Undergrad: 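I'd like to ask some things about the structure below.
Remember, predicted model here, so these are calculated numbers, not experimental data.
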Amino acid sequence: MPEGPEIRRAADRLAAAVAGQPLLRAQFAFPALKRFERLLPGSRILSITPRGKALLTAFDNGWTLYTHNQLYGVWHVAGPDERPATSRSLRVALETRRASILLYSASNVELWRSDAIETHPFLQRLGPDVLEATLEAATVAARLRSPAFRGRALGALLLDQGFLAGMGNYLRAEVLFDAGLHPGLRPRDLDDAQTTRLAEALLAIPRRSYATRGIAPTRRMRADYLAREGEAFRFRVFQREGAPCERCGTPIARIASQSRPLFLCPRCQPARW
DNA sequence: CTTTAAACCTGCTGGC
DNA sequence: TGCCAGCAGGTTTAAA
């Protein structure tokens with residue numbers, strides 16, 4: 001569940017299951033964290049909140065769990081003493097009387113003093129979270145025009161968590177298509193109308209993904225996921241190479257940008273105009 | 001300054 | 001069917 005919308009949906013599920021609950025048992029598959037299996041139980045889980053693609057689980061004894069799923073981490077909610085049938089490796093288990101939350105496969109797991117969590121090197125560098133409800137298009141537009149960002153190619157900028165936290169590779173492609181912009185363009189190449197349109201897409205597309213059900217963790221799981229969850233975020237260019245553009249019928253192209261696949265409509269997203 | 005490439009973490013996919 | 005290289009929705013680091 002890699003990008004901002006999927007992480008935030010996971011946070012919602014986890015918080016609904018265990019926020020406010022006293023911790024009965026903790027398990028960590030990392031030697032450096034073993035001591036917390038004794039230290040954390042007895043405290044209460046205060047909150048589970050996303051920061052871009054990272055997740056912070058705060059306990060009322062002054063500790064905060066930092067997790068980042070990278071490409072492959074996945075959270076499960078299970079009943080007490082229950083473990084899902086999966087071949088993945090269990091990395092974190094937090095058990096309460098009501099439910100357990102289980103993190104599989106992730107390698108990025110740390111415990112921080114809550115009063116120092118803001119000094120975490122990853123969190124410290126994050127820009128505003130693109131899914132934060134208070135973030136406005138005018139703020140994003142101003143950010144696009146700022147000296148720090150106006151000279152960067154959009155393809156790279158839209159993956160930079162220091163620009164907007166929570167963006168990711170599928171969102172980048174969908175935002176650029178929505179705004180009708182080529183990834184090689186820079187904010188300083190855009191006129192006011194284009195800047196505004198891009199700023200609005202940068203908020204609207206992630207919010208739409210979050211409001212629908214985001215996307216399935218893997219392609220294989222997609223069919224099952226859709227059957228279970230109902231409507232999902234619909235890609236217009238991502239992973240649609242060769243399919244006709246819904247606006248103009250031109251086949252969607254696949255290029256590489258930042259060593260990552262990027263899908264676009266060559267006609268709707270021209271490099272020059 | 002910005003961009004690029006490689007490395008790391010782990011699991012899935014596609015091809016043989 | 002089984003195996004394995006390469007790829008993936010991420011991020012950091014070093015080098016260009």
Undergrad: Should the ring pair A:F28 and A:F36 be called parallel, tilted or perpendicular, given that the plane angle runs from 0 to 90° and is split at 30 and 60?
TA: perpendicular
Undergrad: Quickly work out the A:F163 CZ to B:dT2 C1' distance and round it to whole Å.
TA: 16 Å
Undergrad: Would you mind telling me which of C:dG10, B:dT10, B:dT2 lies closest to the side-chain atoms of A:N169?
TA: C:dG10
Undergrad: Is A:A148 touching bases, backbone alone, or none of the nucleic acid, heavy atoms closer than 4.0 Å?
TA: sugar-phosphate
Undergrad: Checking contacts here: which listed nucleotide (B:dT3, B:dT10, C:dG9) is nearest the side-chain heavy atoms of A:R152?
TA: B:dT3
Undergrad: Any salt bridge between A:D160 and A:R125, counting N to O under 4.0 Å?
TA: no
Undergrad: Classify the nucleic acid contact of A:A153 as base, sugar-phosphate or nothing, counting any heavy atom under 4.0 Å across all strands shown.
TA: sugar-phosphate
Undergrad: Given B:dT3, C:dG9, B:dT10, which nucleotide is nearest the side-chain atoms of A:Y170?
TA: C:dG9
Undergrad: Taking OP1 and OP2 of C:dT11, is either one under 4.0 Å from a side-chain nitrogen or oxygen of A:R125?
TA: no
Undergrad: Nearest whole angstrom, please: distance from the C1' of C:dG6 to the OH of A:Y72.
TA: 16 Å
Undergrad: Between P on B:dT10 and CZ on A:R91, what's the gap in Å once rounded to a whole number?
TA: 5 Å
Undergrad: Just compare B:dT10, C:dT11, C:dG10 and give me whichever is closest to any side-chain atom of A:S105.
TA: B:dT10
Undergrad: Determine which nucleotide pairs with C:dG9, using a 3.5 Å limit on both distances of a Watson-Crick or G-U wobble pair.
TA: none
Undergrad: Does a side-chain N-to-carboxylate-O contact under 4.0 Å join A:E246 and A:R234?
TA: yes
Undergrad: Between C:dG6 and B:dA6, how many Å separate the two P atoms, rounded to a whole number?
TA: 13 Å
Undergrad: Look at A:R8 together with A:E132 and state whether they make a salt bridge at an N to O cut-off of under 4.0 Å.
TA: yes
Undergrad: To the nearest Å, how far apart are A:N69 CG and B:dC8 C1'?
TA: 16 Å
Undergrad: Tell me the interatomic distance from A:L157, atom CG, to B:dT2, atom C1', rounded to whole angstroms.
TA: 12 Å
Undergrad: Does A:R260 have a side-chain nitrogen or oxygen under 4.0 Å from the phosphate oxygens OP1 or OP2 of C:dG9?
TA: yes
Undergrad: What is the nucleic acid contact for A:Q258, judged by heavy atoms within less than 4.0 Å: base, sugar-phosphate only, or nothing?
TA: base
Undergrad: Please determine whether a side-chain nitrogen or oxygen atom of A:R186 lies at a distance below 4.0 Å from atom OP1 or OP2 of B:dT2.
TA: no
Undergrad: Please state how far atom CG in A:N108 lies from atom P in B:dT10, giving the value in whole angstrom units.
TA: 11 Å
Undergrad: Counting side-chain heavy atoms from C-beta on, which of C:dT11, C:dA8, B:dT2 comes nearest to A:R254?
TA: C:dA8
Undergrad: Quickly work out the A:R234 CZ to C:dG9 P distance and round it to whole Å.
TA: 20 Å
Undergrad: Starting from the 5' end of DNA chain B, give me the residue, A:S259 or A:R150, whose nearest nucleotide shows up first.
TA: A:R150
Undergrad: Please give, in whole Å, the distance from C:dG10 C1' to A:E6 CD?
TA: 13 Å
Undergrad: Determine the interplanar angle of the A:F233 and A:F235 rings, folded into 0 to 90°, and report it as parallel if under 30°, tilted if 30 to 60°, perpendicular if over 60°.
TA: perpendicular
Undergrad: So A:R172, base contact, sugar-phosphate only, or nothing? Heavy-atom distance under 4.0 Å.
TA: nothing
Undergrad: Side-chain N or O of A:R88 versus OP1/OP2 of B:dT10: is the shortest distance under 4.0 Å?
TA: no
Undergrad: On the nucleotide B:dT3, are OP1 or OP2 found under 4.0 Å from the side-chain N or O atoms that A:S257 carries?
TA: no
Undergrad: Is A:H68 close enough to C:dG10 that one of its side-chain N or O atoms is under 4.0 Å from OP1 or OP2 there?
TA: no
Undergrad: Would A:R51 and A:D129 pass as an ion pair if we require N to O under 4.0 Å?
TA: no
Undergrad: Which heavy-atom pair separates A:L94 from A:T57 by the least distance, and what is that distance?
TA: CD1-CG2, 4.3 Å
Undergrad: Output yes when at least one side-chain N/O atom of A:S107 is less than 4.0 Å from OP1 or OP2 of B:dT10, else no.
TA: no
